[in-house]
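In what follows, chains are A, B, ... by sequence order, proteins preceding strands, each numbered from 1.
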2 protein chains.
Amino acid sequence: MAYATSRFAENGYHPTSVAEIVQGLGVGKGVFYWYFASKEELFLEILRDAQRQLRRRQEAAIADEPDPVRRIELGIRASMAWFDQNREVVKLLQFASTEERFAPVLRRGQDVAVADTARHVKEGIVEGRIRDLDPFVLSHAVLGVTGHLAREFVHERSQSVDDVAEVAVAFCLEGLLGGK
Amino acid sequence: MAYATSRFAENGYHPTSVAEIVQGLGVGKGVFYWYFASKEELFLEILRDAQRQLRRRQEAAIADEPDPVRRIELGIRASMAWFDQNREVVKLLQFASTEERFAPVLRRGQDVAVADTARHVKEGIVEGRIRDLDPFVLSHAVLGVTGHLAREFVHERSQSVDDVAEVAVAFCLEGLLGGK
DNA sequence: CCCGTTCTTGACCGGCCGGTCAAGTTCTCC
DNA sequence: GGAGAACTTGACCGGCCGGTCAAGAACGGG
């Protein structure tokens with residue numbers, strides 16, 4: 001599955017043939033279809049796995065932080081770190097979002113992640129520390145910033161994860177204008 | 001090209017065959033290869049066209065607004081409106097960013113757009129109205145928020161463009177914490 | 001009215017692709 | 001040690017795909 005992930009990420013899902021995967025692995029085609037029902041099923045498995053991993057990572061990072069705003073910040077940093085260490089998978093997730101047939105799986109995972117963040121946002125709103133806007137939209141905004149900055153600066157431009165995460169947090173919390 | 005765009009957006013680039021496109025158009029295959037060197041070339045043409053359109057739209061919206069911060073805001077609203085009216089193309093742009101071979105064209109267009117925004121951000125920093133962080137990172141952050149919110153709420157959840165744009169602007173300018 | 005250019009057709013080609021399957025080989029448990 | 005389950009092989013299949021091309025049709029200037 002690791003090898004398939006890197007092939008898919010490098011060549012794209014469609015241009016990567018099952019023959020190519022099994023050949024690179026030095027096994028026969030039969031063994032592929034023994035473990036996976038189809039090429040699509042393998043891809044979905046990779047997707048589900050990735051989402052599970054990311055979620056665990058976020059939960060671990062947030063663990064026992066009581067402050068909702070700090071929790072959001074830790075979530076951003078944890079996501080950024082995971083994006084950094086799983087570039088290939090990030091590419092696959094992005095590709096998956098462009099194909100209707102992968103949407104359901106993707107959607108489920110993203111909804112879970114957003115719901116997590118939204119909970120903290122809601123808490124923040126109740127505490128009067130976060131402005132009273134739709135928590136789901138705000139969560140998605142955070143997710144959008146984090147993902148995009150990770151792809152553009154950590155992946156493409158190889159900038160330091162911490163530096164990018166720093167700016168991402170600053171931007172998400174106080175926008176362009178805030179923060180002295 | 002319009003028909004091809006909708007086929008690509010609905011079925012994906014790879015799964016859509018040239019035969020399918022020309023059949024849907026009621027023409028022979030030869031006419032396709034008379035006007036386009038290859039399937040890939042057609043796709044690139046669509047991409048370039050889209051980027052040109054979006055850029056024109058943004059420039060028109062910003063036109064003669066002197067305030068850099070207002071310019072950024074108008075840019076966000078214009079982008080959001082364009083994303084709303086060009087869902088198919090947005091999908092294609094997103095797909096293109098996952099395939100190495102389309103990256104160069106995509107990159108060039110995005111760099112131009114980001115450079116535009118970054119100019120306004122820089123002005124804002126000079127005026128002391130925007131915090132002193134890397135203007136390119138901030139511009140990408142704005143772009144990330146706008147694109148993601150458009151896809152998630154305008155495209156997927158069919159929410160009103162204006163409402164989403166409103167939140168996007170609020171978030172970009174003042175983040176989660178700011179704004180009363 | 002004719003001839004060269006532009007444009008159009010669709011059968012065809014070589015090649016690849018996802019998936020199957022008959023034929024093994026290896027493992028496991030009695 | 002034997003029998004059945006678990007696993008592995010790779011040739012093979014039907015089908016599709018991007019792209020070519022010989023054969024025209026339509027057009028346009030002289």
(request) Go along nucleotides 12-25 of chain D 5' to 3' and tag each nucleotide: B for a protein heavy atom under 4.0 Å from its base, S when only backbone or sugar atoms are that close, - otherwise. (result) -----SBBBB----
Under a 3.5 Å cutoff, is there a donor and acceptor pairing between the side chains of [X] and [Y]?
{"X": "Q58(A)", "Y": "R71(A)", "value": "no"}
{"X": "H148(B)", "Y": "H148(A)", "value": "no"}
{"X": "E99(B)", "Y": "H14(B)", "value": "yes"}

(request) Ignoring backbone atoms, test whether W34(B) places a side-chain nitrogen or oxygen under 4.0 Å from the OP1 or OP2 oxygen of dT8(C). (result) no
(request) Establish, with yes or no, whether the OP1 or OP2 oxygen of dA6(D) is under 4.0 angstrom from a side-chain nitrogen or oxygen of Y35(A). (result) no
(message) With a 4.5 Å cut-off on side-chain heavy atoms, are R131(A) and L176(B) touching?
(response) no
(message) If you define the side chain from C-beta out and look only at heavy atoms, does anything of V121(A) sit under 4.5 Å from F136(A)?
(response) no
